[in-house]
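Worksheet: the structure to be examined is printed underneath.
Since we're looking at a predicted model, the values are computed, not measured. Below, chains carry the letters A, B, ... as their sequence lines are ordered, and counting in each starts from 1.
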There are 2 protein chains.
Amino acid sequence: MDTDQRLREAAEKLALTLAQGGMQKTTARVMTALLYTRQESMTAADLCAELSISSGAVSTAVKQLIPLGLIERVPAPGSRRDHYRFRQGAWASLMSQQNAMLATMGDAAQEGLDAAGEDGITGRRLHEMKDFYAYMTEQLIPLIDSWRERYAAQHTDAPR
Amino acid sequence: MDTDQRLREAAEKLALTLAQGGMQKTTARVMTALLYTRQESMTAADLCAELSISSGAVSTAVKQLIPLGLIERVPAPGSRRDHYRFRQGAWASLMSQQNAMLATMGDAAQEGLDAAGEDGITGRRLHEMKDFYAYMTEQLIPLIDSWRERYAAQHTDAPR
DNA sequence: CAGAGAATTCACAAATCTCTGAAAGTTCTA
DNA sequence: TAGAACTTTCAGAGATTTGTGAATTCTCTG
């Protein structure tokens, strides 16, 4: 099987996994197309052709992926079309995003504690929740930062 | 507003958030009902009444939550009904589950690298992905373990 | 600044998902 | 082991989500 075909299948496979994890199916397909493509970037038209979807669907997907920090619009000299590419540091952004969820969980625990009080079975349950998410938030943020530094250091002399 | 009402609302609110994050809506509602309830555990009938859903829906939700380690079936002496309760250590289980996703992402990166090779734009993109997930997997596992220890230590003399 | 080339929006159609209600299965007890 | 008390399974109805295609808006360029 040729390289393009293998990459295309890998892209679809990962998209399916991401979809099961909660991401919109088309959004996931656009993301993985940009991740596994052999081109530097792709136009909306490229994505329509590659994935057999309408331009409307591409537009929607792109609108979701950009705020997540996963892809970016790239100025394309000599072309009036928008080009999109997978962002460097995308994974760290994605993980940070998930961190926000940790904070939300902590808040939800606090809200329950405010209502139920610290004592009793409910209090104990919610207290464990609050402690856990406080700990994870605290630990995970520096972890992502340290990777950013580590990665930046490795690539200072070879920017894209 | 009374305590029960506040807890019920907190439960529904968190369920909604979790649903937006990809969890099935009913599954999330069952989970949060068990999390915020003032009882030690709830029967399927309790959940039907509390959430206004059918027993079939409860059965399905429970079937999803148990393998995630979020809830457990509790032997109920004197009652023929199954009782369910939110598990101690549920959050750590959930986080471990998400760790499995990190491994999957690493594998997906490797698969792409096998097809595309290490060089070229695709190789570089996938390499960053592989490195990131390798790092996160490596770091996150001990983090969860350390919390488990920390929490166990705090609660050795006060088991549930 | 007119017009062509693209991207975005939106109403609707299509596909998917999810719950219900009933039937079937399971497990405990008398 | 018969039967009652629950739970699970499943087909189908209903609700929700999501993509299409056309209309609209935006943005460059000549």
Side-chain angles (χ1 to χ4, degrees), chain A residues 11-12 15-34 39-68 70-87, chain B residues 11-12 14-34 39-68 70-86:
Chain A
E12 288 297 320
L16 207 64
T17 303
L18 291 169
Q20 281 167 349
M23 190 182 279
Q24 307 261 67
K25 193 174 155 197
T26 300
T27 304
R29 295 218 304 147
V30 167
M31 172 189 147
T32 59
L34 288 166
Q39 299 170 237
E40 155 74 14
S41 65
M42 294 174 84
T43 65
D46 289 340
L47 288 163
C48 291
E50 174 73 24
L51 304 173
S52 307
I53 56 179
S54 71
S55 62
V58 171
S59 180
T60 304
V62 154
K63 199 169 54 183
Q64 295 183 287
L65 290 168
I66 288 177
L68 289 175
L70 286 172
I71 69 172
E72 63 193 345
R73 226 178 285 261
V74 167
S79 163
R80 200 177 298 177
R81 298 179 177 181
D82 286 353
H83 285 236
Y84 302 99
R85 79 168 166 217
F86 201 84
R87 261 192 70 221
Chain B
E12 288 296 320
L14 180 58
L16 209 63
T17 303
L18 291 171
Q20 280 165 351
M23 191 183 278
Q24 306 261 68
K25 193 175 156 197
T26 299
T27 303
R29 296 217 304 149
V30 167
M31 172 188 148
T32 59
L34 288 165
Q39 299 171 238
E40 155 74 15
S41 64
M42 295 175 82
T43 66
D46 290 341
L47 289 163
C48 290
E50 174 74 25
L51 305 173
S52 307
I53 56 178
S54 70
S55 61
V58 171
S59 179
T60 305
V62 154
K63 200 168 54 180
Q64 295 182 287
L65 290 168
I66 289 179
L68 289 175
L70 286 172
I71 69 172
E72 62 192 346
R73 226 178 284 261
V74 167
S79 165
R80 201 177 297 176
R81 297 179 178 183
D82 286 354
H83 284 237
Y84 301 99
R85 80 169 164 215
F86 201 84

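Residues B/Cys48 and B/Ser54 come closest through the heavy atom pair SG-C, 3.8 Å. Of all heavy-atom pairs between A/Ala61 and A/Thr27, the closest is CB-CA, 3.8 Å. Smallest separation of non-hydrogen atoms from B/Tyr84 and B/Leu34: O-CD2, 3.4 Å.
Paired with B/Thr26 under the rule side chain to side chain contact (heavy atoms under 4.5 Å, CB included), one option of B/Leu47, B/Thr60, B/Ile53 passes, and it is B/Ile53. Between B/Ser41 and the choices B/His83, B/Arg73, B/Arg85, the side-chain hydrogen bond (donor to acceptor under 3.5 Å, both in side chains) rule is met once, by B/His83.
No donor-acceptor pair under 3.5 Å is formed between the side chain of B/Arg81 and the backbone N or O of B/Ala45.
Among the protein residues, B/Ser52 comes within range of the sugar-phosphate backbone only, with heavy atoms under 4.0 Å from sugar or phosphate atoms but none that close to a base. Note on B/Ala44: only backbone sugar-phosphate atoms sit closer than 4.0 angstrom, heavy atoms only; bases stay farther off. Note on B/Arg73: only backbone sugar-phosphate atoms sit closer than 4.0 angstrom, heavy atoms only; bases stay farther off.
Distance B/Gln24 CD to D/dA15 P: 18 Å, rounded to the nearest Å. Atom pair B/Leu51:CG and C/dT20:P shows a separation of 10 Å (rounding to whole Å applied). Atom-to-atom, CG of B/Asp82 to P of C/dG25 comes out at 19 Å; the value is rounded to the nearest Å. Atom-to-atom, NE2 of A/His83 to P of C/dA6 comes out at 10 Å; the value is rounded to the nearest Å. What separates NZ of A/Lys25 from C1' of D/dT18 is a distance of 11 Å, to the nearest Å. Between the P atom of D/dT16 and the CG atom of B/Leu16 lies a distance of 13 Å, rounded to the nearest Å. The distance from atom CD1 of A/Ile53 to atom C1' of C/dA15 is 16 Å, rounded to the nearest whole Å.
Side-chain contact check for A/Leu51 versus A/Glu12: some heavy-atom pair is nearer than 4.5 Å. For the pair B/Ile66 and B/Ile71, the minimum side-chain heavy-atom distance is below 4.5 Å.
Among residues at least two apart or in separate chains, salt bridge (Lys or Arg N to Asp or Glu O under 4.0 Å) pairs with a member in residues 43-53 of chain B are B/Arg8-B/Glu50.
Where the helix from C/dC1-D/dG30 to C/dA30-D/dT1 starts and where it ends, the local axes point in directions that differ by 30°; five pairs per end, rounded to 10°.
Residue A/Arg81 has its side chain nearest to C/dA6 when only D/dC6, C/dT20, C/dA6 are considered.
Within residues 57-65 of chain B, the residues approached by DNA chain D to less than 4.0 Å at the level of any non-hydrogen atom are B/Ser59, B/Lys63, in residue-number order.
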